[in-house]
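Could you have a look at this structure, given as structure tokens, before my questions?
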Amino acid sequence: AAGILIRGNSDIGGALVNNGTIDAYAEANAPVDAMAAAGGVIYFGTDPDLGPDADLENNGDISGEANANAFNPAGNADATAFAAGVGQLIVAEDFISSDITNASDASISGSAEADAIASGSANAFAAAGGVVSLLVSEEGAGYATLDNQGSIAASADAFAFGDNANAIAIGGGVVRGVIAETDAEVDVTNSGTIATTVDADAVGVTEANALAVGAGVAEIAISTGASDGDMARTGLVNDGSIVTNVTAEAEGDQDAFALAAGIGSLQAALGFGTGDTASASLTNTNLIDTNVTASASATVPGASATAVGIGAGVAQLAIADGDASTFIQNDGTVSVDVLATANADDANAFGVGLGVLQAAVSLNGGATASLTNTSPDSIDVTVTASATGATTAAALAGAIGAVQLAVGTEAYASVNNTGNISAEANAYTLATTGRADSYAGAIGLGQIAVGTALADASLTNGGTISADANATASGATFASA
């Protein structure tokens, strides 16, 4: 289902202005295979003669909602749901651009829910995006911009119940990609709210597996290298809130596995041509908040449960033949909270959290990673891993406030901190009849500079950089922490 479907065989150029409501809803109900897909506004064109732009001005409400339900009491069931508020897949022969504006009282949302219930194998897959787009220029440049002053939301929910249950949920508030022969640029400005909620829940009589992945904002710019000296660039200015909540839960009698991974902002700029440059820049004055929860439990004797939680606030990657650079100016809050819990005869919990990651890699030029942090509430990472078992229990928690990597002919990694950068890792284990092992590690700040001609890592600190690691183990026969 599509509220508005724009297809291009010869021209997709122009602008769409929405002052009202565009709503698409799709529902599928079946005993074995159910699939539903919905998009509020969908642009689709793969002809090399397409027009130069696909702009959207939203002053109202745009939504896409898809629900898929599969119920089979006598066999297997598969449910799949896809939804997007705005979706774009556009290929142009030459220049292509897309400018999306969401006004202060406007909203764009995508919601997907997939439920599979069966006596045999049950598989549920849900994927949702608020704004999802990929622009491809075969022989020219590509530009994608988004200005959000209102609300953009993505919600993906997958539930599976069966003898073998598998639930996968993927969500992204804003996901924009540009692939171009020459310059490729992606810019996002947010003064409103971007919210991503992802939930995968699997309940298996024998085995349960749950996977949940979410991103608040993801920007990817790729210059393919067909010409030389071009640019790949991503930029994010956040004056509002970017909140990402990701949860994976698995409950099985014999085996359970849960993996949850979430990130607030992901920026990747890749320049493959000779002398191409790549850059990623971010300015944050408000909130980037990432919350990740992974939970796994198995009940019968000898059962195994593993929970893995991975969370990051901001990650930047710039790779180019020429100069590569990553820049962050943080005057707001970057918060990461990761929780991984496991309960079974053999229980294992792993949690990893990262506040800021910057990687700049140049093959034949300079590489720069620069972080300026001023807010007292600034960068905070908390990771907790907890495992409760009978025969064995193992927990590992790792937290890093910020880390930089610069590799090039001349490599510079610099941090100017007048605010707070903190990392806290907690690992807890309890084994009622056997061995318990807990490992916790925390790093406030890490810097690596590798240069063939010059390497420089510098820190100017007028604030606080802290790391706190705590490990506790209690075992009937052996304990280590």
Side-chain angles (χ1 to χ4, degrees), residues 38-42 56 58 61-66 81-88 98-104 106-113 126-134 144-158 169-178 186-200 212-220 234-247 260-268 280 282-284 286-292 311-316 332-337:
V41 176
I42 302 296
L56 169 63
N58 182 41
D61 299 309
I62 299 174
S63 65
E65 181 180 353
F82 301 94
V86 175
Q88 295 179 323
S98 172
D99 300 325
I100 297 176
T101 302
N102 194 44
S104 60
S107 68
I108 300 174
S109 65
S111 175
E113 182 176 347
V131 176
V132 181
S133 72
L134 175 61
T145 68
L146 183 142
D147 181 6
N148 176 50
Q149 304 167 34
S151 170
I152 297 177
S155 175
D157 189 341
I170 301 173
V174 174
V175 180
R176 305 215 75 184
V178 172
V186 181
D187 281 298
V188 174
T189 301
N190 178 50
S191 56
T193 62
I194 299 175
T196 303
T197 303
V198 181
D199 190 357
V213 178
V217 176
E219 302 169 278
I220 301 172
T234 63
L236 171 61
V237 177
N238 180 50
D239 298 320
S241 65
I242 300 173
V243 178
T244 306
N245 295 309
V246 180
T247 303
I263 188 168
S265 169
L266 171 64
Q267 297 175 297
L282 182 147
T283 299
N284 177 48
N286 200 330
L287 175 65
I288 299 175
D289 185 26
T290 305
N291 302 284
V292 173
V314 174
Q316 296 180 314
T333 299
V334 177
S335 176
V336 178
D337 196 337

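Every value quoted in this text rests on a predicted model; they were computed, and no experiment measured them.
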In short, Gly172 meets Ala154 closest at the heavy-atom pair O-CB, 3.3 Å

Nearest 0.5 angstrom please: Asp289 CG to Thr244 OG1, how far? 8.0 Å

Distance check, rounded to the nearest 0.5 Å: Asn190 atom CG versus Asn286 atom CG?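 Between Asn190 CG and Asn286 CG, I get 8.5 Å after rounding to 0.5 Å.
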
Could you tell me whether a side-chain N or O of Thr290 sits under 3.5 Å from a main-chain N or O of Gly264, the two making a donor and an acceptor? yes

What is the minimum heavy-atom distance between Leu236 and Ser265, and which atoms define it? CD2-OG, 3.3 Å

Passes side-chain contact (heavy atoms from CB on, under 4.5 Å), Val217 versus Asn238? Steps please. CA-CA 10 Å; Val217 176; Asn238 180 50; over 6 Å; no

Where do Asp199 and Thr247 land on the side chain to side chain donor-acceptor pair (under 3.5 Å) test, with the steps shown first? CA-CA 5 Å; Asp199 190 357; Thr247 303; 5.1 Å; no

What is the minimum heavy-atom distance between Ala83 and Gly110, and which atoms define it? CB-C, 4.4 Å

Identify the two heavy atoms, one from Ala128 and one from Ser155, that lie closest to each other, and give their separation to 0.1 Å. CB-O, 3.2 Å

Of all heavy-atom pairs between Thr196 and Ala215, which one has the smallest distance, and what is that distance?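 Shortest heavy-atom contact: OG1-O, 3.1 Å.
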
Determine, stepwise, if the pair Val174 / Asn148 fulfils side-chain contact (heavy atoms from CB on, under 4.5 Å). CA-CA 10 Å; Val174 174; Asn148 176 50; over 6 Å; no

Ignoring hydrogens and angles, tell me if any N or O in the side chain of Thr101 forms a donor-acceptor pair with the backbone of Asp147 under 3.5 Å.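 Flag not set: sc Thr101 to bb Asp147 has no pair under 3.5 Å.
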
Out of curiosity, Arg176 CZ to Ile220 CD1, how far, rounded to the nearest 0.5 Å? 12.5 Å

What's the shortest heavy-atom distance between Thr234 and Gln267, and which atoms?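 Reported closest heavy-atom pair: OG1-CB, 3.4 Å.
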
Residues in side-chain contact (heavy atoms from CB on, under 4.5 Å) contact with Glu113, at least two apart in sequence or another chain: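 If we apply the side-chain contact (heavy atoms from CB on, under 4.5 Å) test to Glu113, skipping adjacent residues, the hits are Asn67, Asp115, Asp157.
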
If I take atom CD1 from residue Ile242 and atom CD1 from residue Ile194, how far apart are they, to the nearest 0.5 angstrom? 5.0 Å

Ignoring hydrogens and angles, state whether a donor on the side chain of Asp61 or Ser107 is under 3.5 Å from an acceptor on the partner side chain. yes

Check: Asn245/Asn291 side-chain N/O donor and acceptor closer than 3.5 Å: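 Side chains of Asn245 and Asn291: pair found under 3.5 Å.
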
With rounding to the nearest 0.5 Å, note down the distance linking CD1 in Ile152 to CD1 in Ile100. 8.0 Å

Contacts of Ala84 that satisfy side-chain contact (heavy atoms from CB on, under 4.5 Å) - sequence neighbours left out: none

Any chance you could measure Asn284, atom CG, to Asp239, atom CG, to the nearest 0.5 Å? 8.0 Å

Checking Asp187 now: which residues fulfil salt bridge (charged side-chain N to carboxylate O under 4.0 Å, His left out) with it, not counting sequence neighbours?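 For Asp187, the residues satisfying salt bridge (charged side-chain N to carboxylate O under 4.0 Å, His left out) (neighbours in sequence not counted) are Arg233.
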
Ignoring hydrogens and geometry, is there a side-chain-to-backbone donor-acceptor pair from Asn102 to Ser151 under 3.5 Å?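 Checking the backbone N and O of Ser151 against the side chain of Asn102, a donor-acceptor pair under 3.5 Å is found.
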
